[in-house]
Every structure is written in C-alpha cells, then in structure tokens.
Amino acid sequence: MHAVARTREGAAPQTGPEAAERLARLHGAVADWFEAAARELPWRAPERTPWGVLVSEVMLQQTPVVRVLPVWREWMERWPRPADLAAEAPGEAVRAWGRLGYPRRALRLHAAASVIAAEHGGELPGTEEGLLALPGVGAYTAAAVAAFAFGHRATVVDTNIRRVHARLLGGDALPAPSLTAAEQRRAAALLPHDDDASVRWNVGVMELGALVCTARSPRCDACPVAHECAWRAAGEPPPSYVPKGQAWHGTDRQVRGAAMAVLRAAERPVARELFTAAPAPGTPGTLGTPPRPGIAPGTVAAALARLHALNTGPEQLHRALEGLIADGLAVEVDGGLRLP
DNA sequence: CAGTCGTGGTG
DNA sequence: TCACCAAGACT
C-alpha cells in the first residue's frame, strides 16, 4: 500500500476527510431510500425472531424472495422454535422444503435446529462466531443473522452488496466471479461504526441491489446514489468477463432433482427398480402398494414419470441416487429409498 | 479453489 | 426461446 491511497480511474479517494464526507452522504442516501422504498418482508417485521431470520436467510440462499415467502410462513407456523423442528425427522424438513431447490439446505437447517436445541438451550447464538459454527451457516449468513436478528455491527457481503459496491465504487459492471479479499476489506471499510447505522447500511445496500441495482437491467433512474456511481461515471462499461452459465439439462443435478421430487411425494419407501426401470403402466410406485391405474398428478407416479422423461442412463441415475444417499437426502431401506 | 448442488421466473 | 440469474455453503 502507498502512503497516499491510489484508486482506480473514475473512483473517488477512499481515505481522508473528503472520502469520509462522501461515505456519510452514501450512508444517508441509502438509509433514506430504504425507508421509502423497502419491501415489507415478514422476517423484517418487529415481531421477527432470530430463528425466523435464520430460516429466511438459509431459504434465501440462491433463491428469490417471492418463492421463499410462502414456504417460510409454513415453516414458522409449523416450527416456531428451533426445538420444534429438531423434534421432527429430518425428512419432514426436506418435504416441507418443497421445490425451493438445494434440499441439502433443509437438512442443514434441521441439523442447525438440533444443535441449537441441544447445545444452546433452544436460543440462537448471538455472535457471528457462534452462528458460523452452525451447519449450513457460512460467512454471509452468520453476518446477516448477527446484523438483522441481533442488531450487531457485522460486515454483510452478499451478491447484491457485491454488485452495488462493484458499480458504485469499483466502476465495474459486475463483481468478480468469486468473492475476493479486497472486496471484503472494502465492505468492512464502508460499514458505519454505529450498530444501528451499520444494520441500516447493510440492509439498505442489499435491498438496493435487489430492487434497483440489479444484475441485468439496473434502474439507475431510481437509484439514490446514481450521481455517485463510478460505473455510470465511466460510461457504463460492459462486464470484463463472461459469466459461465449454469448447465442444467442432462446434468446429475437435474436427475437428483427429479428423484427428490419422487421421494418428497412418497409416503413409503420407493423401490429402486421404479427409479431405474421404464415407467410401468399404472404403478403407484410405493412398496407394499398394489398397482392400480389412473394415478392423479402430483403423486409418486407423476414424479416418476417426470424422472423417466429425462431419459437418463442407468449409470447416471445410479450416480444420482448414490449421491443423494451420500448427502443424507435419501436413506436405503429394504431395497427402496425414502427421505431420512 | 474450482466444482457441485435445484428450481422457476424473466429479459 | 433460452441462457442468465437469485440474501451461498461446502468439499
């Protein structure tokens, strides 16, 4: 580091009294914008609980708010406290997870609830360190829960915040493919020192990224800090790299997803042959249940039909099922598979 | 550390 | 239509 802070072209100084004033302006502008434009979300309501915040944060990992909302409400009604979930079989969490995706998150949430019930007297740890020790809780989620549930000063860095920082301060269209140490340092340096102000900044920048400074078509006309934006000042240059798309069709993940849908629909273990074999006409698909025609949609047979429609090879199917077992999302019983 | 892990809305 | 993307974690 040089004695005098050098910044990239187009970016303002990041140290000194001038920078401090600018930072204070940003804090105020974002807080005011959030006050006026933020969504009302149940995990932000005054009656929220730390448990509810944790559940929301895990559900929101790689999953849009609109799809989380109904599932989160179900979970909170059914399992208002960690001990309530811990008392259930893990498979119930997976089933209630529905189609949110990445079902291992449900499993980890159940595991976290068990740890909280068994080792923390049923109360969530209030520190980042304590939260970080919970299954499924990484750096982002630990910071988010510490901030949003406990009001602590924590450096929250999610994909929205990364994108806002990249544009506003870095002058780039998009953040780097993966979180860098420099980004974390920058995020920490931007955080207000006051607890309450830091929480407002974290949630404000995150909401700004979610509603205005979006990945594809940012609504800069609605941005409270557009006049401070380094990316706009630079003429909105395009991304310096090409995002590598997420393959889906023909992947193990697709097969795993279809297999999980079968397990979620099944009340009994599903025989392995039913996963692998060509669809037998009128087969309910559960052990101990005699075949009958006319299975209604949304049942095991329908899920099996969707799985078979993928025309996956037997080796890939085997790999997918073994993967689910290895991940604890399926357990083998008497030649069949069921939720844990 | 690059790869893996679901799902559905959308520009 | 179809690739991109969404409050990441873990190995």
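Owing to the predicted nature of the structure, the values given are computational and were not obtained by experimental measurement. Residue numbering restarts at 1 for every chain, and letters A, B, ... go by the order of the sequence lines.
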Checklist line | Sugar-phosphate only, base, or nothing, as touched by A:R99 at under 4.0 Å among non-hydrogen atoms | finding: sugar-phosphate

Margin query: By the 4.0 Å heavy-atom rule, please label A:Q246 as base, sugar-phosphate, or nothing.
Written below: base

Checklist line | salt_bridge(A:R153, A:D196) N-O dist < 4.0 Å | finding: no

Check: A:L107 near the nucleic acid: base, sugar-phosphate alone, or nothing, with a heavy-atom cut-off under 4.0 Å?
Finding: nothing

Check: Between C:dC5, B:dG6, C:dA7, which nucleotide gets closest to the side-chain atoms of A:R105?
Finding: B:dG6

Next item on the list: Would you jot down, in residue-number order, the residues of residues 43-70 of chain A having a non-hydrogen atom under 4.0 Å from DNA chain B?
Entry: A:Q62, A:T63, A:R67

Check: P atom, C:dA7 versus B:dG11: distance in rounded Å?
Finding: 14 Å

Item checked: Residue that, paired with A:F34, satisfies side chain to side chain contact (heavy atoms under 4.5 Å, CB included) out of A:E207, A:M206, A:R39, A:R200 -> A:E207

Margin query: Rounded to whole Å, please give me the gap between CZ in A:R253 and P in C:dA9.
Written below: 16 Å

Check: Rounding to a whole Å, what distance do you find between A:W248:CH2 and B:dG8:P?
Finding: 9 Å

Check: The side chain of A:R264 lies closest to which of these nucleotides: B:dC5, B:dT7, C:dA7?
Finding: B:dT7

Next item on the list: Answer with base, sugar-phosphate or nothing: what part of the nucleic acid does A:R162 contact at a heavy-atom distance below 4.0 Å?
Entry: nothing

Next item on the list: Grab the CZ-C1' distance between A:R163 and C:dC5 for me, whole Å please.
Entry: 9 Å

Next item on the list: To the nearest Å, give me how far apart CG (A:L179) and P (C:dC10) are.
Entry: 15 Å

Notebook entry, point to check: Between B:dC5 atom C1' and A:Y102 atom OH, what is the distance in whole Å?
Noted result: 5 Å

Check: Could you give the CZ-to-C1' distance, from A:R256 to B:dG6, as a whole number of Å?
Finding: 9 Å

Note to self: On DNA chain C, compare the nucleotides closest to A:V137 and A:R39; which residue's is nearer the 5' end?
What the structure shows: A:R39

Note to self: Hydrogens and angles aside, do A:T63 and A:R105 bring a side-chain donor and acceptor to less than 3.5 Å of each other?
What the structure shows: yes

Check: Toward the 5' end of DNA chain B, which comes first, A:L324 or A:S178, by nearest nucleotide?
Finding: A:S178

Next item on the list: Compare the minimum distances between each of C:dC5, B:dT7, C:dG8 and the side chain of A:P243, then state the nucleotide with the smallest one.
Entry: C:dC5

Margin query: For a quick check of understanding: with a heavy-atom distance under 4.0 Å over all strands, which category does A:A144 fall into, base, sugar-phosphate or nothing?
Written below: nothing

Checklist line | Rounded interatomic separation in angstrom, taking CD1 from A:I161 and P from C:dA7 | finding: 10 Å

Next item on the list: Could you tell me whether the side chain of A:R95 and the main chain of A:R264 form a donor-acceptor pair under 3.5 Å?
Entry: yes

Checklist line | Gap in Å between the two P atoms, one belonging to B:dG6 and one to C:dT11, rounded | finding: 14 Å

Check: Side chain of A:R216: nearest nucleotide among C:dA7, B:dG6, B:dG9?
Finding: B:dG9

Check: Do A:R78 and A:E92 sit within salt-bridge range, that is, some charged N less than 4.0 Å from a carboxylate O?
Finding: yes

Next item on the list: Would you please confirm or rule out a distance under 4.0 Å between OP1 or OP2 of B:dC5 and any side-chain N or O of A:T251?
Entry: no

Margin query: Considering every strand and a 4.0 Å limit on heavy-atom distances, what is the contact class for A:L100: base, sugar-phosphate, or nothing?
Written below: base

Check: Between B:dC5, C:dC10, C:dA6, which nucleotide gets closest to the side-chain atoms of A:R108?
Finding: C:dC10

Margin query: Surrounding CD of A:E123 (heavy atoms of other residues, nucleotides or ligands, distance under 6.0 Å), is the total greater than 12?
Written below: no

Margin query: Categorize A:G138 for me: base, sugar-phosphate, or nothing, with a 4.0 angstrom heavy-atom threshold over every strand shown.
Written below: sugar-phosphate

Check: Any salt bridge between A:R319 and A:E322, counting N to O under 4.0 Å?
Finding: no

Next item on the list: Give me the ring orientation class for A:W201 and A:H27: parallel if the planes are under 30° apart, tilted from 30 to 60°, perpendicular past 60°.
Entry: perpendicular

Next item on the list: Round to a whole Å and report the spacing from CG of A:L329 to P of C:dC10.
Entry: 14 Å

Checklist line | Test item: side-chain donor near acceptor, A:E57 and A:Y140, under 3.5 Å | finding: yes

